[in-house]
Amino acid sequence: MMNIHNNNKNKISYILLRILYNFDEFHKKTRCYGTDTPLFNAEIHMLTIIKENEGIHITGIADKLGVTKGAVSQIVNKLNKKGFIIKETNSHNLSKLSLSLTPKGEVAEANHQELHNTLDLMVQDIIKDASKDNIEFLKYFLNSFEERYRKLRDKD
């Protein structure tokens, strides 16, 4: 007779929870992204925003992320000290800073994008033989799961 753990290990909910746990563990780790300096998840994503919005200022980043300017300032200062970004006075508004990536920041951001590309290719390879209906169902399922999981998470 199987124990309860064996019965549960192939339930879809348990598979999803394992994936979420592993994904969370993966994202908690610092990575150097081809540089000599480790970056936290929030830092590498801040580099992406700066890369995609050259010259953006702290308020612009805060608005995009839906976080406080103080939180953005802390990460920006860390990225500046680590040598990933340049903070310059905005020529149009001297009370604001314009942010851009250093060559080191460009390397880290490019390697981060490569990680995303690898994940995209992995998914594409897994679903390459799936029917259009199966792919549409998978998208529906994942979007529905995300929405319901967010509601469950936000209950607390």
Side-chain angles (χ1 to χ4, degrees), residues 8 11-127 135-156:
N8 287 334
K11 282 185 177 179
I12 291 174
S13 61
Y14 278 72
I15 295 168
L16 281 169
L17 289 173
R18 282 196 314 269
I19 291 169
L20 292 171
Y21 174 79
N22 286 321
F23 191 77
D24 187 50
E25 289 298 309
F26 180 77
H27 269 271
K28 284 180 186 176
K29 291 181 181 178
T30 59
R31 287 182 179 67
C32 293
Y33 296 99
T35 72
D36 61 349
T37 309
L39 289 165
F40 289 97
N41 193 37
E43 293 172 326
I44 194 64
H45 287 112
M46 185 81 62
L47 290 181
T48 298
I49 288 174
I50 294 168
K51 170 73 175 178
E52 292 174 351
N53 302 276
E54 189 77 20
I56 195 169
H57 46 82
I58 289 174
T59 303
I61 294 172
D63 290 345
K64 282 188 176 296
L65 294 175
V67 297
T68 66
K69 290 186 279 187
V72 172
S73 288
Q74 286 181 345
I75 295 173
V76 162
N77 287 333
K78 289 177 186 177
L79 290 170
N80 187 46
K81 285 178 187 169
K82 291 180 177 185
F84 287 99
I85 63 168
I86 298 168
K87 297 188 318 184
E88 298 176 311
T89 303
N90 185 312
S91 58
H92 301 295
N93 184 341
L94 299 179
S95 67
K96 290 190 176 185
L97 296 173
S98 291
L99 306 171
S100 58
L101 300 185
T102 63
K104 181 177 176 177
E106 293 281 351
V107 167
E109 205 285 323
N111 283 308
H112 175 244
Q113 289 308 314
E114 184 59 33
L115 174 61
H116 279 276
N117 292 341
T118 299
L119 292 171
D120 287 342
L121 289 172
M122 184 175 64
V123 170
Q124 289 174 20
D125 185 53
I126 291 168
I127 65 171
I135 292 171
E136 288 305 313
F137 174 76
L138 181 59
K139 287 178 187 178
Y140 165 79
F141 173 80
L142 291 171
N143 284 319
S144 297
F145 181 85
E146 178 185 29
E147 181 182 328
R148 291 178 186 195
Y149 189 77
R150 187 180 308 120
K151 286 179 185 176
L152 176 67
R153 181 197 67 202
D154 292 346
K155 266 183 166 179
D156 291 338

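Just so it is clear, the values below take in all heavy atoms, side chains as well, and ignore hydrogens, waters and symmetry mates. Just so it is clear, the structure is predicted and the values come from calculations on it, not from any experiment.
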*L47 vs L39, side-chain contact (heavy atoms from CB on, under 4.5 Å): CA-CA, chis, key distance, verdict*: CA-CA 10 Å; L47 290 181; L39 289 165; 3.9 Å; yes

*Under 3.5 Å, is there a donor-acceptor pair between the side chain of T102 and the main chain of F84?*
yes

*Quick one: pull up NZ in K87 and OG in S100 and give me the separation to the nearest 0.5 Å.*
12.0 Å

*Counting only N and O atoms by type, is there a donor-acceptor contact under 3.5 Å from the side chain of N53 to the main-chain atoms of I49?*
yes

*Answer yes or no: is there a side-chain heavy-atom contact under 4.5 Å between L79 and I75?*
yes

*Spacing of Q113 atom CD and L115 atom CG [to the nearest 0.5 Å]*: 9.0 Å

*Answer yes or no: is there a side-chain heavy-atom contact under 4.5 Å between M122 and T118?*
no

*asked:* Using a 6.0 Å cut-off, check whether atom CD1 of I12 has over 12 heavy atoms from anything other than its own residue.
replied: no

*Should R31 and H112 count as side-chain neighbours, where that means a heavy-atom distance under 4.5 Å?*
no

*At their closest point, which heavy atom of L101 faces which heavy atom of I86, and how far apart are they?*
O-CD1, 4.5 Å

*asked:* How long is the straight-line distance from CG of D63 back to NZ of K69, given to the nearest 0.5 Å?
replied: 8.5 Å

*Does a side-chain heavy-atom distance below 4.5 Å link R148 with K151?*
no

*Without swapping roles, check the side chain of N143 against the backbone of K139 for a donor-acceptor pair under 3.5 Å.*
yes

*More than 12 foreign heavy atoms under 6.0 Å from CZ of F141: is that the case here?*
yes

_Classify the ring geometry of H27 against F23: parallel below 30°, tilted from 30° to 60°, perpendicular beyond 60°._
tilted

*Roughly how far, to the nearest 0.5 Å, is CG of L65 from CD1 of I61?*
7.0 Å

_What's the separation between atom CG in L142 and atom OH in Y149, rounded to the nearest 0.5 Å?_
14.0 Å

*Charged N to carboxylate O under 4.0 angstrom, R150 versus E147?*
no

*Any side-chain heavy atom of L20 sitting closer than 4.5 Å to one from F145?*
yes

*Sub-3.5 Å donor-acceptor pair from the side chain of E43 to the main-chain atoms of F40, do we have one?*
yes

*Looking only at side chains, do T35 and K82 share a donor and an acceptor under 3.5 Å apart?*
no

_Straight-line distance of I50 CD1 to S98 OG, nearest 0.5 Å_ = 11.0 Å

*Give the C-alpha distance, both sets of side-chain angles, the deciding distance and a yes or no for side-chain contact (heavy atoms from CB on, under 4.5 Å) between I56 and K64.*
CA-CA 10 Å; I56 195 169; K64 282 188 176 296; 4.0 Å; yes

*Indicate yes or no for a side-chain donor-acceptor contact from N111 to the backbone of V107 under 3.5 Å, with no hydrogens or angles considered.*
yes

*Would you say L99 and H57 make side-chain contact, with heavy atoms under 4.5 Å?*
no

_Residues V72, T68; criterion side-chain contact (heavy atoms from CB on, under 4.5 Å); working and verdict_ = CA-CA 7 Å; V72 172; T68 66; over 6 Å; no

*Between E109 and T48, a side-chain donor and acceptor under 3.5 Å*: yes

*With a 4.5 Å heavy-atom cut-off, do L119 and V123 have their side chains touching?*
no

*Are more than 12 heavy atoms from other residues, nucleotides or ligands located less than 6.0 Å from atom NZ of K104?*
yes

_Tell me the closest heavy-atom pair linking C32 and P38, and the distance in Å._
SG-N, 3.7 Å

_If we count only N and O atoms by modelled type, under 3.5 Å, do the side chains of K29 and N41 hold a donor and an acceptor together?_
no

*Would a 4.5 Å heavy-atom cut-off, applied to side chains only, mark I19 and I15 as touching?*
yes

